[in-house]
K.L.:
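Quick one: the structure is below, questions incoming.
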Amino acid sequence: MAHTKISMAQALNQALRDAMTADETVVMFGEDVGALGGVFRITDGLTAEFGEQRCFDTPLAEAGIVGMAVGMAMNGMRPVVEMQFDAFGYPAFEQVVSHVAKMRNRTRGKVTLPMVIRIPYGGGIGGVEHHSDSSESYFAHTPGLTVVTPATVADAYGLLRKAIEFPDPVVFMEPKKLYWAKEEVDLGESQPAIGRAVVRREGADATLIAYGPAVPVALEAAEAAAAEGRQLTVVDLRSIVPFDDETVCAAVRRTGRAVVVAEASGFASVSSEIVARVTEKCFHSLAAPVRRVTAFDIPFPPPKLEKYQLPSVDRILDAVDDLQWEDS
Amino acid sequence: MSFVSEQLLPSAEPVCLIDQNGVPHENPSYELPARDRLVDGYTQLIKARRFNDQASALVRQGRLAVYPSSHGQEACQIAATMVLREGDWLFPTYRDSVAIMSRGVDPIETLTLLRGDWHSGYDPYEHKVAPQSTPLATQLPHAVGVAHAARLKGEDTVVMALVGDGGTSEGDFHEALNFAAVFRAPVVFFVQNNEYAISVPLAKQTAAPSLAHKGIGYGIPGERADGNDLAGLLAVLGQAVDKARAGAGPQLIEAHTYRVQAHTNADDATRYRADAEVAPWLERDPIDRLTTYLSQNGGLDDEVRQRAEENAVRISAQLRDGLMPEPEVEPAELFAYLYAEQTQQLREQAAFLRDELAREEA
């Protein structure tokens, strides 16, 4: 396949199209995913191409959508459902926690649920209230779920294909802010494994650990730091659950210093978990306490204030400066 | 002119084909089931009653963690499974152990959840019985999904989805009915209205004329049946299953019954209801009326009685033998079934527990 310049939204659309072509048990449903193609156009053209039995609109009810997906997965399908916006997924939370996450375990592996719950998440697009939440920690805290989030166009395609083929339910967090980011990619080449992080940039002085929408910000900060003489490694988790201790700890041990960058609020979050793990496993390699750059512990603010909430290059550089450098 | 299509309205009174005195009643819409079928049902009711009694006794002996008895409402559960074909699915609640057993699931495996050695003790695919759902009404959207997938695959499966009166207040009940109606999914939603959600009576649960009326808002036909009349239940549920299988979409059936015992052994029913309220329901017992009817109409000879009694004795013995020994639990199972491929973190935690147990033994 030739290298073409496409957006993350187009890559996700192509992943769904290719998965539905490869496996006729893959069905896509949710709110407005049919004729409209989804509010972010991720399902654009799928109903026209595969028919209303394969890609269809449902009544507006998220618990019903996820609950129906459970039943369809029980009966031989591979449902992919869309929650439209992060905060709209909360009505489905009981279904996710009580059934999606537990079905394999409670039936001793007899009933498996190969299904994907797609959740467009995060801020940075000027969304009004309830349209910019980072809900990944709720899902990551729930045993039985697999939680992944792409940060690049290539990963968006490859991770979604892997998620749909995965034998267990996957919560697929899509960073809305990156939907329109374009890259020149060869989709056929992208094979990110679920559960494996990737080093996006190598640098000997400190490690930035990020995922989803925070990855491009971390890379930008690393670029700026390099201009100031500090070489930063940037690790992109890609998979929050399972967590890739190996890649993360190898990077932290190499650099001795680490900053976790995440768009979600920090308290009791994925970022706190990363700090705890790195501290427990790499303590003797650390030259400074692990720092975090996260959102404040407040509800996601209205659009005109969101720039104060999101992690920025400056905040990341400040946190890096704080890592007890002997020369400063 | 009525605003509501007559086809969606339940009958004015719950359908009753054999009343509490064992007297048969003609009904223009429902036929009395054949005598052989009622005899089969009688045998199953006797066994179900003994199952309830024995399970309750095993709770008192500490062999089950808890048992939500369905004493007095066994006819609902027996009828719900008698109307299903082999390829159909049953979605039970925690109070539906009798239905699970009568669907063919091993009685000991039926009670694994309530014994406490695992969450669901049986293979749901073996008899097409979903795991018992403890959260209320959350199993109903699953039932819709199974039914919808069956239709997409071209199968003529019907799904029997059980729920209690309290469960009809949950959001998932409403979403499931709406989805099923929009997709014309072959689901029979069967509400066992036993008048109490733990301590809360039906009047505080809903202001609707009946729970069967709730179908109207979704375009689902509703029907009411006397939940202590096996004959009426077989007729009403049988017709609902036939309609669903023929492509008429979901059906909503409400059975009027009563929870004559407490919610579970942990419940003190005297705090919220008087014995005087319970007494008339004991006279409407589903077994008594069928016994009277069959005795007077030639279906209940000594052979039938003896067979029923043998079945009951057998189930009692089976439960005692199966549940008296302390179950062997396997700590490694704690980590074994979460994912198809165990995560590194779970491997480490399993190893930690293994080491801890080895140290204790040493």
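Worth knowing before you read on, the calculation uses all heavy atoms, side chains too, and leaves out hydrogens, waters and symmetry mates.
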K.L.:
At a 4.5 Å cut-off on heavy atoms, which part of S133(B) comes close to chain A: side chain, backbone, both, or neither?
P.N.:
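Contact with chain A is through both the backbone and side chain of S133(B).
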
K.L.:
What's the separation between atom NZ in K153(B) and atom CG in N75(A), rounded to the nearest 0.5 Å?
P.N.:
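Between atom NZ of K153(B) and atom CG of N75(A) there are 3.5 Å.
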
K.L.:
Based on non-hydrogen pairs under 4.5 Å, which of A143(B), A147(B), G121(B), P124(B) is most in contact with chain A?
P.N.:
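Heavy-atom pair counts peak at P124(B).
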
K.L.:
With a 4.5 angstrom heavy-atom cut-off, could you sort out which part of F56(A) is near chain B: side chain, backbone, both or neither?
P.N.:
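Contact with chain B: side chain only.
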
K.L.:
Does anything in residues 88-107 of chain B get under 4.5 Å of chain A by heavy atoms, and if so which residues?
P.N.:
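Within residues 88-107 of chain B, the residues that come under 4.5 Å of chain A (heavy atoms only) are W89(B), F91(B).
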
K.L.:
Where does M77(A) contact chain B at under 4.5 Å (heavy atoms): side chain, backbone, both or neither?
P.N.:
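It is the side chain, since no backbone atom gets that close.
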
K.L.:
I'd like to know whether CD of E24(A) has more than 12 heavy-atom contacts from other residues, nucleotides or ligands below 6.0 angstrom.
P.N.:
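Check fails, neighbour count at 12 or below.
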
K.L.:
Any chance you could measure M74(A), atom CE, to K128(B), atom NZ, to the nearest 0.5 Å?
P.N.:
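Reported value, rounded in 0.5 Å steps: 10.5 Å.
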
K.L.:
Rounded to the nearest 0.5 Å, how far does OG1 of T138(B) lie from CD of E94(A)?
P.N.:
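It is 5.5 Å, given to the nearest 0.5 Å.
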
K.L.:
Using heavy atoms and a sub-4.5 Å threshold, report which of residues 108-117 of chain A line up against chain B, by residue number.
P.N.:
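R108(A), G109(A), K110(A), V111(A) fall under the 4.5 Å cut-off.
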
K.L.:
Can you check whether N105(A)'s main-chain N or O pairs, donor with acceptor, with W118(B)'s side chain at less than 3.5 Å?
P.N.:
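It does hold such a pair.
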
K.L.:
Which answer fits V66(A), side chain, backbone, both or neither, if we ask what part of it has an atom under 4.5 Å from a heavy atom of chain B?
P.N.:
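Looking at V66(A), nothing touches chain B.
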
K.L.:
Which of residues 158-187 of chain B have a heavy atom under 4.5 Å from any heavy atom of chain A?
P.N.:
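Residues in range: D172(B), E175(B), N178(B), F179(B), V182(B), F183(B).
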
K.L.:
Heavy atoms under 4.5 Å from chain B: which residues of residues 136-150 of chain A carry them?
P.N.:
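Contacts with chain B: P143(A), G144(A), L145(A), T146(A).
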
K.L.:
Roughly how far, to the nearest 0.5 Å, is CD of E348(B) from CG of D245(A)?
P.N.:
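If I round to the nearest 0.5 Å, the distance is 6.5 Å.
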
K.L.:
Please identify, among V144(B), T134(B), L152(B), T112(B), the residue contributing the most non-hydrogen atom pairs under 4.5 Å to chain A.
P.N.:
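Option with the greatest count: L152(B).
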
K.L.:
Identify the heavy atoms of T107(A) and P131(B) that sit nearest to each other, and give their distance.
P.N.:
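Nearest heavy atoms, T107(A) then P131(B): CG2-CG, 3.5 Å.
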
K.L.:
Below 4.5 Å from any heavy atom of chain B, which atoms of E246(A) appear? Answer side chain, backbone, both or neither.
P.N.:
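Neither the backbone nor the side chain of E246(A) comes within 4.5 Å of chain B.
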
K.L.:
Among side-chain atoms of Q95(A) and H142(B), is any donor-acceptor pair under 3.5 angstrom?
P.N.:
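Side chains of Q95(A) and H142(B): pair found under 3.5 Å.
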
K.L.:
Say you draw a straight line from OG of S120(B) to CE of M103(A); how long is it, rounded to the nearest 0.5 Å?
P.N.:
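Going from OG on S120(B) over to CE on M103(A), the span is 9.0 Å.
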
K.L.:
Going from NE2 on H148(B) to CD on Q53(A), what distance comes out if it is rounded to the nearest 0.5 angstrom?
P.N.:
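Output value for this atom pair is 7.0 Å.
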
K.L.:
What part of T58(A) lies closer than 4.5 angstrom to a heavy atom of chain B: side chain, backbone, both or neither?
P.N.:
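Answer is both: backbone and side chain atoms of T58(A) are under 4.5 Å from chain B.
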
